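Please read these numbers as outputs of a predicted model, since none were measured by experiment.
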Amino acid sequence: MKKLILAALLFSIASGTQVAHAEEVSSTDNAETYVSFVSYDFKNYPPSTYAGKTLVKVEKISMGYRGWYL
């Protein structure tokens, strides 16, 4: 009977002291943190590809256009 109680006690202590191991992961929904955009200024509307990069966004500025490339 003592062995049964001792086994139950050891089993309850062993199962209650489990520690979970995990790494903290920070996540973000902002894609700009992973991608770096490069901007170039043009007098005319920017081309769809420039310097091996693809045009993503166009802004009208006072001296022409600003093209954002990925």
Side-chain angles (χ1 to χ4, degrees):
M1 186 70 172
K2 287 183 181 181
K3 289 183 181 180
L4 180 62
I5 294 172
L6 184 59
L9 181 62
L10 288 175
F11 180 72
S12 66
I13 291 173
S15 64
T17 59
Q18 294 179 355
V19 178
H21 298 279
E23 294 181 22
E24 183 177 343
V25 177
S26 61
S27 63
T28 179
D29 293 333
N30 190 355
E32 292 178 5
T33 58
Y34 300 112
V35 179
S36 61
F37 293 102
V38 180
S39 66
Y40 297 100
D41 293 339
F42 297 93
K43 291 182 181 179
N44 297 325
Y45 194 83
S48 61
T49 57
Y50 183 76
K53 299 183 185 312
T54 305
L55 181 66
V56 179
K57 181 181 174 184
V58 176
E59 290 180 359
K60 176 74 172 146
I61 58 174
S62 63
M63 310 228 342
Y65 293 92
R66 177 171 290 147
W68 293 88
Y69 289 88
L70 173 64

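Rounding to the nearest 0.5 Å gives a distance of 13.0 Å between OH of Tyr65 and CG of Asp41.
Side-chain heavy atoms closer than 4.5 Å link hydrophobic residues (I, L, V, M, F, W, Y) into clusters, and following such links, even through other members, never connects Phe42 to Leu70.
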Pair up each side-chain donor or acceptor in residues 51-62 with any protein partner under 3.5 Å, not counting sequence neighbours, and list the distances.
| residue | atom | partner | partner atom | Å |
| --- | --- | --- | --- | --- |
| Glu59 | OE2 | Trp68 | NE1 | 3.4 |

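In this structure, Pro46 and Gly67 approach most closely via the heavy-atom pair CG-CA, 4.1 Å.
For Tyr40, the ring pair (Phe, Tyr, Trp, His ring centres under 6.0 Å) test picks out Tyr50, Tyr69, with sequence neighbours left out.
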